[in-house]
Amino acid sequence: MSVSDTLSFSPLQVRRLPLSQLRGSIDASLPALGALAYGEGGGADWIAPVEATPLGSAPAMADLWQAGAELRSGCAGAARWRSDGQWSLGMIELHEQRQGDLEELAYQGYRQLFDALKQAGTPHLLRLWNYLPRINEDGGGLERYRQFNVGRQRAFTDAGLGVLEGAPAACALGVHRGGLSIRFLAGQRAPVAIENPRQVSAYRYPSDYGPRPPLFSRAALAELGDDQLALFISGTASIVGHASVHPGDVAEQTRETLRNLQAVLDAAHRRCDARYSLDELHLVVYVRHPAQAPTIRDVLVKALGPQAPALRHAVFLEADICRHDLLVEIEAHAVASGALSR
Ligand code: 3EB
């Protein structure tokens with residue numbers, strides 16, 4: 001039986017819209033599971049700000065997630081969640097008591113996050129968004145991103161989650177405001193993890209990149225109900241094999257990132273009959289140096305076409321990438337008709 005055959009099943013929906021229209025779009029028949037607001041706080045407890053400055057002239061945007069009408073909410077420690085029983089969206093923000101305990105903070109954050117998933121009754125992570133202050137700084141002998149990876153892996157292991165196959169789609173960016181902020185989307189069923197054949201799986205990165213590897217898959221496919229299939233693409237950068245390529249060349253890094261995104265789409269297409277296209281994805285483009293945003297946009301326009309829906313909806317944000325030699329990272333999601341291959 002497919003999930004869409006279940007009468008009580010509520011399909012998950014996602015829409016990208018200007019932040020100013022967010023509250024007006026909610027009605028009682030379809031309340032908000034939550035929203036990610038890019039660049040600003042939203043002023044409501046179900047709107048999670050992504051504390052990064054939007055680049056370019058577009059208005060601040062948000063991704064609004066909606067599901068069933070009967071919402072419950074709760075909190076586990078600092079983790080807050082809202083759920084319709086099928087899907088949940090949650091957020092957590094933690095502040096360091098003292099410099100250098102980001103490993104412990106990541107560990108505590110993820111423990112609380114896993115508690116929240118239990119409370120909500122949605123055990124399977126579909127997508128994680130990680131935002132870390134001062135991501136590339138030294139945390140006392142270890143780069144802070146690497147500290148984060150150590151704490152994250154400890155919490156995954158404690159939760160009994162395999163640290164290899166089946167990790168959720170994710171991103172991890174450096175932000176200049178706020179504390180350690182994690183946003184999470186979860187559901188009743190494990191998604192299908194997708195890897196990129198051009199890249200070593202992140203959870204198999206050699207220890208050159210830190211004592212514990214990052215835990216994420218390159219993408220995740222999830223059935224949303226009503227014959228809709230979501231593709232969540234993790235933060236994608238100019239990495240081939242496990243190495244960063246094109247140091248110092250933001251245009252070429254952007255082209256390499258597009259090659260990786262296309263490779264992820266091709267890999268996803270081998271696992272489902274839905275069809276996704278690069279020029280129709282909902283993109284978030286993270287830019288290390290704001291002055292390079294126009295160059296990145298030019299490469300995207302040349303590759304996707306000036307009329308590409310992806311470019312009309314794309315969000316550009318100032319953020320630090322988790323490796324100091326990376327200048328750009330792109331994450332994406334898309335929903336299309338279709339089903340997983342059986
Ligand atoms: C990379 O491919 C770039 O630590 O959760 C991308 C997506 C990256 C997720 C994470 C890191 C993460 O390794 C960095």
Side-chain angles (χ1 to χ4, degrees), residues 50 52 92 102-103 105-107 109-110 113 125-136 139 142-156 161 163-164 166-175 180-185 191 193-220 231-247 250 253-254 256-264 267 281 283-288 317 319-333:
V50 174
I92 185 164
L102 191 57
E103 175 192 332
L105 209 64
Y107 175 69
Y110 269 93
L113 188 158
L125 281 168
L126 305 176
R127 179 67 161 94
L128 283 160
W129 295 262
N130 299 290
Y131 299 101
L132 289 64
R134 303 185 309 286
I135 190 169
N136 300 127
L142 198 60
E143 186 193 28
R144 285 166 54 80
Y145 173 60
R146 297 175 179 203
Q147 291 186 311
F148 167 81
N149 280 323
V150 176
R152 173 169 56 177
Q153 189 185 89
R154 199 147 57 84
F156 270 71
L161 291 177
V163 295
L164 299 177
C171 59
L173 282 305
V175 289
L180 171 64
S181 302
I182 307 171
R183 283 78 181 90
F184 51 97
L185 178 70
I194 304 294
E195 290 301 312
N196 177 354
R198 303 181 80 238
Q199 297 183 312
V200 171
S201 294
Y203 46 78
R204 297 188 197 284
Y205 282 167
S207 55
D208 319 16
Y209 304 100
R212 293 288 181 274
L215 296 180
F216 65 97
S217 57
R218 298 297 176 185
L231 177 65
F232 302 109
I233 304 182
S234 294
T236 303
S238 181
I239 295 175
V240 178
H242 56 68
S244 309
V245 293
H246 318 301
V250 73
Q253 285 198 12
T254 307
E256 197 68 59
T257 300
L258 287 169
R259 287 190 278 273
N260 279 327
L261 288 169
Q262 184 60 54
V264 170
L281 300 176
L283 305 175
V284 180
V285 182
Y286 296 101
V287 179
R288 184 185 291 276
L317 297 176
D320 293 331
I321 321 300
C322 62
R323 294 186 187 180
H324 62 84
D325 48 8
L326 293 175
L327 301 168
V328 58
E329 179 172 307
I330 302 178
E331 66 175 37
H333 63 257

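Throughout, numbering of the chain's residues begins at 1 and tracks the sequence. We count ligands from 1, going down the list as the structure has it; atoms in each ligand are counted the same way.
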* To do: Number the atoms of ligand 1 from 1 as they appear, then name those within less than 4.0 Å of a heavy atom of A172, with their elements.
  => 4 (O), 5 (O), 9 (C), 10 (C), 12 (C)

* Are E256 and R198 close enough for a salt bridge, meaning some N to O gap below 4.0 Å? -> yes

* Asked: Short N/O distance, under 3.5 Å, between S234 and ligand 1?
  -> no

* Report the C-alpha distance between E329 and T257 in whole Å, list the side-chain angles of each, state the deciding distance to 0.1 Å, and finish with yes or no for side-chain contact (heavy atoms from CB on, under 4.5 Å). => CA-CA 7 Å; E329 179 172 307; T257 300; over 6 Å; no

* Structure fact -> In this structure, CZ of F232 is separated from CG of L185 (nearest 0.5 Å) by 5.0 Å

* Checking side chain to side chain contact (heavy atoms under 4.5 Å, CB included) against F184, which of L126, L128, N130 comes through? -> L128

* Identify, by atom number and element, the atoms of ligand 1 in contact range of Y205, meaning under 4.0 Å from any of its heavy atoms. => 1 (C), 2 (O), 13 (O)

* To do: Ignoring angles and geometry beyond distance, decide whether Y145 reaches within less than 3.5 Å of ligand 1 through its nitrogen or oxygen atoms.
  => yes

* List every atom of ligand 1 that sits less than 4.0 Å from any heavy atom of G235, numbering the atoms from 1 in the order shown and giving each element. => 6 (C), 7 (C)

* Asked: Does the side chain of Y205 reach to within under 4.5 Å of the side chain of I239, using non-hydrogen atoms?
  -> yes

* For C322, is the nearest heavy atom under 4.0 Å from an atom of ligand 1? -> yes

* Answer with yes or no whether the side chains of R152 and N149 bring together a donor and an acceptor at under 3.5 Å. => yes

* To do: Considering the heavy atoms of P214, write down every atom of ligand 1 situated less than 4.0 Å from one of them.
  => 4 (O)

* Asked: Should Q199 be counted as touching ligand 1, given the test is an N or O pair under 3.5 Å?
  -> no

* **Pair F148-I135, side-chain contact (heavy atoms from CB on, under 4.5 Å): steps then yes or no** => CA-CA 9 Å; F148 167 81; I135 190 169; over 6 Å; no

* To do: Report yes or no: does E331 have a heavy atom closer than 4.0 Å to ligand 1?
  => no

* **Stacked cation flag R212 on Y107, 6.0 angstrom / 45 deg** => no

* Asked: Side chain or backbone of R152 under 4.0 Å from ligand 1, or both, or neither, by non-hydrogen atoms?
  -> side chain

* Asked: What distance do S234 atom OG and F216 atom CZ have between them, rounded to the nearest 0.5 Å?
  -> 5.5 Å

* Report, in ascending order of atom number, the atoms of ligand 1 lying under 4.0 Å from any heavy atom of I239. => 1 (C), 2 (O), 3 (C), 13 (O)

* Measure the shortest side-chain to side-chain distance between P213 and R204 over non-hydrogen atoms and say whether it is less than 4.5 angstrom. => no

* C171 and ligand 1 - part of the residue with a heavy-atom distance under 4.0 Å -> backbone

* Which one of A169, A167, A170 has a non-hydrogen atom at the shortest distance from atom 7 (C) of ligand 1? -> A170

* Determine whether the side chain, the backbone, both or neither of F148 has a heavy atom under 4.0 Å from any heavy atom of ligand 1. => neither

* State whether E331 and R127 are salt-bridged, where the test is any N-O pair (Lys NZ or Arg NE/NH1/NH2 against Asp/Glu carboxylate O) under 4.0 Å. => yes

* To do: Name the closest protein heavy atom to atom 8 (C) of ligand 1, giving the residue it belongs to and the distance to 0.1 Å.
  => F216 CZ, 3.7 Å

* Asked: For ligand 1, which atoms, with element, lie under 4.0 Å from some heavy atom of E329?
  -> 3 (C), 6 (C), 14 (C)

* Asked: Which atoms of ligand 1 have any heavy atom of R218 under 4.0 Å away?
  -> 1 (C), 2 (O)

